[in-house]
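This chain uses plain numbering: 1 for the first residue, then up along the sequence.
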Amino acid sequence: MTADAAIGPGETVAELADLKVWFPVPGGAPVRAVDGVSLRVRRGETLGLVGESGSGKSTTGLALLRLVDPTAGVVRVDGQDVTRWSRRRLRGLRRRVAMVFQDPQASLDPRRTIGASVAEPLVVHRLADTAAARRRRVAELLEMVGLRADLADRHPHELSGGQRQRVGIARALAGEPDLIVLDEPIASLDLSVQAQIMNLLRGLQRDLGLTYLFIAHDLAAVEHLSDRVAVMYLGRIVETGTPEQLYGEPAHPYTAALLSAIPVADPRVERHRRRIILSGDVPSPADPPSGCRFRTRCPQARPDCAEVDPALVEVAAGQRAACRYAGEAVRAMRAPTAGEGPGR
């Protein structure tokens, strides 16, 4: 398949196969930020990638765009292995896969106007031949994300945080990409603005047929936007499935612990539900535990968890978990103890 070939509905837009990104440390063991991740993103869907800070999810997104170089494994986009592409060939990849960053202020050049920032992909990929054509397209893109066209003459510091993030989305749309990597796109915004950006992303996906890799630690946002969810811990994927599966019947203890931290709006339920409190800190990615990487914090860890590194196995149709005691451990963690009300 050529880079310009059309990808049909449901087909794989991007794929990571046993991806590893290790960062060397002088005089020490490398930091295994991503350590064997395999994912597929299908056309028209939103794949949510969640986990604590330091889990490797943002590095995974950067590797997909080849903004960081893989140590091992394969990155495929539109069916092509782009893992070892030269810098020159990567220019074409950056049109097919765009990115929206967490901090809109840091991702926009303060010296350039909004119009110049949005027009940059048009120039790089030669999508508009004249200055007039670029101005028209920039106006269309700004209006597409809910901004007035006359904001093109302003600079980033003259806009609010929400407006700057809309500019970042407009810039990502300029190359008409197959896939947009959303790296914590609402994390730095106020709650009311977060909802607006989420609704904007859903509307753009519906109208333009966009495909998203949505990287976030906000589990409520991931549930709202995603068609499938992958949970990441210490450089590995530990569970995948639909939001209904993971949020309703998580199979991995780490997923259950993340979900238990989400507050419940009903104070009666919140008062009586059982929280899963993890002990200890996340281990260093330079020195991960033997066997299951989660075992040092898992309330249901058993001696053999230190001996076997569990692979992702199917626990239900479309749901997989990397735990020798998938499901069983979660049920034990959620079971109420004496004196407690019913669990969630």
Should the pair H252 and F294 be assigned to parallel (<30°), tilted (30 to 60°) or perpendicular (>60°) ring geometry?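 Because their plane-to-plane angle lies in the 30° to 60° range, the rings of H252 and F294 count as tilted.
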Are any of the side-chain heavy atoms of [X] and [Y] separated by less than 4.5 Å?
| X | Y | answer |
| --- | --- | --- |
| V50 | T255 | no |
| L182 | L201 | yes |
| P104 | V167 | no |

Do [Y] and [X] meet the salt-bridge criterion of a basic N to acidic O distance under 4.0 Å?
| X | Y | value |
| --- | --- | --- |
| R137 | E120 | no |
| D287 | R32 | no |
| D150 | R148 | yes |
| R293 | D35 | yes |

Where the side chain of [X] meets the backbone of [Y], is there a donor-acceptor pair that is under 3.5 Å apart?
| X | Y | value |
| --- | --- | --- |
| E184 | Q102 | no |
| E307 | D304 | no |
| T240 | A230 | no |
| D227 | T46 | yes |
| E239 | P250 | no |

Do R302's NZ or CZ and the ring of Y325 fall within the cation-pi criteria of under 6.0 Å and 45°?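 Relative to the ring axis of Y325, which defines the angle, R302 lies inside both limits.
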Answer yes if L208 and L225 sit in the same cluster of Ile, Leu, Val, Met, Phe, Trp and Tyr residues linked by side chain heavy atoms under 4.5 Å apart, and no otherwise.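 Same cluster: L208 reaches L225 through Ile, Leu, Val, Met, Phe, Trp or Tyr contacts under 4.5 Å.
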With a 6.0 Å cut-off (strictly less than), is the heavy-atom count around [atom1] of [X], excluding the residue itself, greater than 12?
| X | atom1 | answer |
| --- | --- | --- |
| R91 | CZ | no |
| H217 | NE2 | no |
| Q105 | CD | no |

Sole candidate of E15, E11, E45 that passes salt bridge (Lys or Arg N to Asp or Glu O under 4.0 Å) when paired with R40: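 In the set E15, E11, E45, the residue that makes a salt bridge (Lys or Arg N to Asp or Glu O under 4.0 Å) with R40 is E15.
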Is it the case that D81 and T83 place a side-chain donor and acceptor less than 3.5 Å from each other?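 Note: D81 and T83 side chains meet the donor-acceptor criterion.
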Enumerate the salt bridge (Lys or Arg N to Asp or Glu O under 4.0 Å) contacts for residues 276-285, please, sequence neighbours excluded, ordered by first and then second residue.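 Salt bridge (Lys or Arg N to Asp or Glu O under 4.0 Å) check on residues 276-285 returns no pairs.
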